[in-house]
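Chain letters run A, B, ... following the sequence lines, proteins first, then strands; residues in each count from 1. Just the heavy atoms: all of them, side chains too, but no hydrogens, waters or symmetry mates, feed the values below.
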2 protein chains.
Amino acid sequence: MAEEFLNRIRHKDLRARVTSADRAAELIRDGMVLGMSGFTRSGEAKAVPLALAARGRAEPLKVTLMTGASLGNDLDKILAEAHVTARRIPFMSDPGLRRAINAGEVMYIDQHLSETVEQLRTCQLAPIDIAIVEAVAITETGGIVPTTSVGNSASFALLAEKVIVEINTSQSEALEGLHDIYIPSYRPTRMPIPIVAPDSRVGLPFIPVPPERIAAIVFSSKKDSSAAVDQPDGDTRAIAGHLIEFLKNEVAHSRMPHHLHPLQAGIGSIANAVLHGFIDSPFHDLTMYSEVLQDSTFDLMDAGKMVFASGSSVTLSEARAREVMARFESYKGKLLLRPQEISNHPEVVRRLGLICINTALEFDIYGNVNSTHVMGTQMMNGIGGSGDFARNAFLSVFVTKSTAKGGRISSVVPMVSHVDHTEHDVDILVTEHGLADLRGLAPRERARVVIANCAGPDWRDALTDYYERAVTRGGHTPHLLEEALSWHDRLRRTGTMAPQ
Amino acid sequence: MAEEFLNRIRHKDLRARVTSADRAAELIRDGMVLGMSGFTRSGEAKAVPLALAARGRAEPLKVTLMTGASLGNDLDKILAEAHVTARRIPFMSDPGLRRAINAGEVMYIDQHLSETVEQLRTCQLAPIDIAIVEAVAITETGGIVPTTSVGNSASFALLAEKVIVEINTSQSEALEGLHDIYIPSYRPTRMPIPIVAPDSRVGLPFIPVPPERIAAIVFSSKKDSSAAVDQPDGDTRAIAGHLIEFLKNEVAHSRMPHHLHPLQAGIGSIANAVLHGFIDSPFHDLTMYSEVLQDSTFDLMDAGKMVFASGSSVTLSEARAREVMARFESYKGKLLLRPQEISNHPEVVRRLGLICINTALEFDIYGNVNSTHVMGTQMMNGIGGSGDFARNAFLSVFVTKSTAKGGRISSVVPMVSHVDHTEHDVDILVTEHGLADLRGLAPRERARVVIANCAGPDWRDALTDYYERAVTRGGHTPHLLEEALSWHDRLRRTGTMAPQ
Ligand SMILES: CC(C)(COP(=O)(O)OP(=O)(O)OC[C@H]1O[C@@H](n2cnc3c(N)ncnc32)[C@H](O)[C@@H]1OP(=O)(O)O)[C@@H](O)C(=O)NCCC(=O)NCCS
Ligand SMILES: CC(C)(COP(=O)(O)OP(=O)(O)OC[C@H]1O[C@@H](n2cnc3c(N)ncnc32)[C@H](O)[C@@H]1OP(=O)(O)O)[C@@H](O)C(=O)NCCC(=O)NCCS
């Protein structure tokens, strides 16, 4: 092992634990629960999972795989196809794993991202046998310095029986100092989490694991996957435009200061594009308290619009990753990465008063949102952090394009086929056509605004017709139960929601 | 005015503001927003609302009525029938008002009970013109001492342009000292809420209103309504039994201490009966951090099982109210009443790690819960605090009888007709038949357990048949969209969910 690599293990005794990925993977036995680093395709352990998949192809080997969130480098696909993943917790976004989940081959427990480690530390989920954590370095005291994500790594490492550390030499040593590892104390004698602003630093810059629990150290050099987000298009620019107009009006009415409140933006192309839209806004001195920091965060910093961003991971496109890492020192004072329990913590989200912008697959005329289940049955990704944020937001915004699949699907429907966010957790809905401000409105009032402002023009009459016939039956939230899901059923049968 | 009554106004200058309810009600003009005390039929202002209803019968007068939660003394019925209530926020449980809401005559904005005042203080709801607050007394400094509930009264009084105080002489002066009024600071510079245990006292024993804002003081002597909860029956005793067995097992496996975690129990007969069931349990030194304290809280204290209870109101049956008030001093060190924003605050709920027990109207085989909408359309009461608690609970339990309306309705259904609590917020489901522990289970696994353990025997085959046919279509959460709501539709058409 080259000296320069070994220098990343500053606790000298631990250098003896360096081994190959194959040897490290031998620690893993059939039926174990693994807690792996990785959040929104950043900072996942890369070598040991591949060795595990290879074993899985050769021998019976099934595990419960817990992570922060989605994994990069096709690991979720590779592990699912090797039939190693029997259970998967709490989030994924890989098409191959998605297929296995929807076929009932993998049991998927899709959770609020702040909750997984709470359930683990109270033994409400089966305990972690082995944690596998990607690191930039190991400190003099044996502390693990994470890479481009924190996710659940800290609690996994602290709760696991054994820890495998993967030191990734392609991850810049400049990342050290970026992380703020704070773990809430045990209940019922827990103290308040002392974060009072996005830049509050309250923890350690490493995960403080007792060195004797580090069972193996592996070196790897595989890069993080690049973000695969689409660039802003006309529709997402229109969505951003409507939201910014709305926020300008809130500022004009003194409901918010000029620097707004700290922003949270969800995963995916649309949220990234909407955040990007703030570059052309009049707002300045913006801050973020979010989960994943995408290209748009750095675009806003470069444009002088954003002064600080707290997240749990950094996921960038290839070009942006090169630029950002080249002058990382210039960003370092403006960034913090926290455990996802803290980036998403209801206590902190509510205290800071976040503006939360998340993406819906579909929403209904009464303001209920489906973020996860296509046609009520097929899992897309998972609820992720959207529930942690939307429930506790100062302002909870959901965005989506008004139609999908070339116009065959209306994303504004009579009744959503699955509910992730109830009407109580949704303040603002935005599509390319406009914005519906649902605050203080009763369901019957919301229906009119949602149809008029958000639905695609081709679908408005059918929605109005549904609503008006439903109202003749009465009720606080009028519906025609025999028709409420008929748009989805028609899509299933005919490939389009439109009547033939 | 008798001297003994006037002595309740210790700020002497304010005695000049004493007037009649009719005169006080004249301050209220058409179109105003009123913030009234009252929570779970306790501590509501009683005289001014009646004067208002009388005016509403004689002249055009419509208001937005905000409260803590439900009002006693039929006030919601009287105000709705006088057509005074145009909008109602955030909770009600009155059959007369319910009828008007479901007919679309009153616009009802049903909210998480911790959120209303957050929206008010950030001007996201129309501002309060007049607050009307029932009080035991007014202190030397003009502070308002609430009666049997705090609800939203503190923030209403602090945010309103004018305050009308109703001193209720039937409310015991012994109540003074019971309240803990803490108001979170403005965001984004809010500090942590310093509550770290159910008995943490962090605020003032009165609402600190500037005396000049008190526009009128009215005397009344009408009593709080008695709680109308049904006594425990065989079914609710069975539900309590299943839950206590489960908790015993959690303690046996060291997942909880012998005194459990602080308990929250929802409104209504079933929650009250379940809590009552703890009397015969082996647990001791129990605490509550809840919304409404019902008979069962005092039964548990008398039985030596419960050492402290924090709530936002006390709602008792007639007999229990007499007993409790007769020896109130003996309970006083064991009780605190807080603003509902604090009793239900996500920050505190999560920090204390509550065991939350709320009631469902129905739940589905995948663990989604409907607490509010009969047949997906007709509002029953509202979501109340159940969402504040369930989302942030250490353990989130929903209870219901397995059938309703003499067996014509199964409360376990293929798909709930309205979602208040998603699968992510539900750990445990209990009916008289048994308990389903959904922690760590994927939807397909949950379905089997829910059907086997919770459904009524007459409905199990039909549920299994639905589930098995749905599975043949695949999906993470299998459904037959064209049939998912057919049980409810059959009920609507034929009066029963059972096939003819
Ligand atoms: C909802 C979500 C899938 C949207 O992702 P996105 O990349 O911004 O949006 P897209 O419009 O590209 O949609 C993604 C896919 O869903 C499809 N889709 C969108 N609306 C749809 C609808 N109403 N019905 C069916 N499919 C739909 C799109 O066609 C696209 O399909 P493709 O992958 O085959 O091209 C994504 O935001 C998500 O998983 N959210 C849940 C988790 C979350 O919110 N986390 C945030 C907290 S950090
Ligand atoms: C759900 C809720 C209505 C149950 O109340 P309860 O008094 O414990 O339960 P009951 O079994 O007596 O049910 C109340 C009514 O609903 C009816 N009901 C119950 N299940 C039903 C179902 N599946 N379909 C239709 N009606 C149903 C009952 O028949 C009864 O009707 P009735 O008033 O005509 O007799 C009540 O708990 C509630 O409003 N919850 C929402 C708010 C909340 O949870 N707050 C707690 C936080 S503090």
Side-chain angles (χ1 to χ4, degrees), chain A residues 101-104 107-109 111-112 119 122-126 187-188 190-192 194 196 255 261-262 346-347 350-353 368 373 375-379 383 387 391-392 394 417-420 422 424 439-442 444-445 471 473-479 481-482 484-485 488-489 492, chain B residues 101-104 107-109 111-112 119 122-126 187-188 190-192 194 196 255 261-262 346-347 350-353 368 373 375-379 383 387 391-392 394 417-420 422 424 439-442 444-445 471 473-479 481-482 484-485 488-489 492:
Chain A
I101 287 168
N102 285 319
M107 293 293 105
Y108 178 42
I109 297 96
Q111 299 190 310
H112 298 305
Q119 292 200 346
T122 52
C123 307
Q124 300 193 70
L125 286 175
R187 297 176 291 186
R190 181 178 289 177
M191 289 292 113
V196 295
R255 286 194 284 265
H261 278 228
E347 170 172 340
R350 181 82 165 245
R351 181 181 305 144
L352 301 186
N368 299 286
H373 282 69
M375 289 194 275
T377 58
Q378 304 288 316
M379 174 55 65
I383 194 165
R391 173 72 48 97
N392 294 297
F394 171 90
S417 55
H418 179 90
V419 177
D420 291 294
T422 75
H424 306 286
R439 293 174 300 174
L441 299 187
R444 290 172 185 232
E445 297 169 312
V471 162
R473 284 208 195 142
H476 176 61
T477 304
H479 269 301
L481 291 181
E482 71 281 20
L485 299 176
H488 300 86
D489 190 48
R492 183 182 67 80
Chain B
I101 288 168
N102 285 319
M107 293 294 104
Y108 178 41
I109 296 95
Q111 299 190 310
H112 298 304
Q119 293 202 345
T122 52
C123 306
Q124 300 193 70
L125 286 174
R187 295 176 293 185
R190 182 177 289 177
M191 289 291 114
V196 295
R255 285 193 285 265
H261 278 226
E347 170 172 341
R350 180 83 166 246
R351 182 181 304 143
L352 301 186
N368 300 286
H373 282 69
M375 289 194 274
T377 58
Q378 304 288 316
M379 174 54 65
I383 194 164
R391 172 72 48 97
N392 294 297
F394 171 89
S417 55
H418 179 92
V419 177
D420 291 295
T422 75
H424 306 286
R439 293 174 299 174
L441 299 187
R444 289 173 185 231
E445 297 170 311
V471 163
R473 284 206 195 144
H476 176 61
T477 305
H479 270 302
L481 291 181
E482 71 281 19
L485 299 176
H488 301 87
D489 189 49
R492 183 183 66 82

Taking the side chain as every heavy atom from C-beta outward, state whether B:Thr377 and A:Thr477 have any atom pair closer than 4.5 Å. no
Interface residue of largest heavy-atom contact number with chain A, from B:Asn368, B:Asn392, B:Val471, B:Thr122, under 4.5 Å: B:Thr122
May I ask you to name which of B:Gln119, B:Met191, B:His261, B:Gln111 has the most heavy-atom pairs under 4.5 Å with chain A? B:Met191
Max heavy-atom pair count under 4.5 Å with chain B, selected residue of A:Glu445, A:His476, A:Glu482, A:His488: A:His476
Would you mind telling me which of B:Pro478, B:Gly440, B:Ala484 has the largest number of heavy-atom pairs within less than 4.5 Å of chain A? B:Gly440
Considering all heavy atoms, the nearest A:Pro192-B:Pro192 contact: CB-CB, 3.5 Å
Name the member of B:Pro262, B:Pro346, B:Pro188, B:Ala126 that forms the most heavy-atom pairs with chain A at distances under 4.5 Å. B:Pro346
Select one option (side chain, backbone, both, neither) describing which atoms of B:Leu125 are under 4.5 Å from chain A's heavy atoms. side chain
B:Arg391 and B:His112 side chains, donor-acceptor separation under 3.5 Å: no
May I ask you to name which of B:Arg255, B:Arg351, B:Met107 has the most heavy-atom pairs under 4.5 Å with chain A? B:Arg351
Side chain / backbone / both / neither for B:Arg444 at chain A, heavy atoms under 4.5 Å: side chain
Strictly distance-based, threshold 3.5 Å: is any side-chain N or O of B:His418 a donor or acceptor partner for the main-chain N or O of B:His373? no
Looking at A:Met379, A:Arg350, A:Arg473, which makes the most heavy-atom pairs under 4.5 Å with chain B? A:Arg350
Can you tell me how far the CG atom of A:Leu485 sits from the CG atom of B:Leu481, to the nearest 0.5 Å? 6.0 Å
For a 4.5 angstrom cut-off between non-hydrogen side-chain atoms, does A:His479 reach B:Met375? no
Quick one: closest heavy-atom pair of A:Asp420 and B:Thr422, and the distance? O-CG2, 3.6 Å
Among B:Arg190, B:Arg439, B:Gln378, B:Gln124, which residue forms the greatest number of heavy-atom pairs with chain A at distances under 4.5 Å? B:Gln124
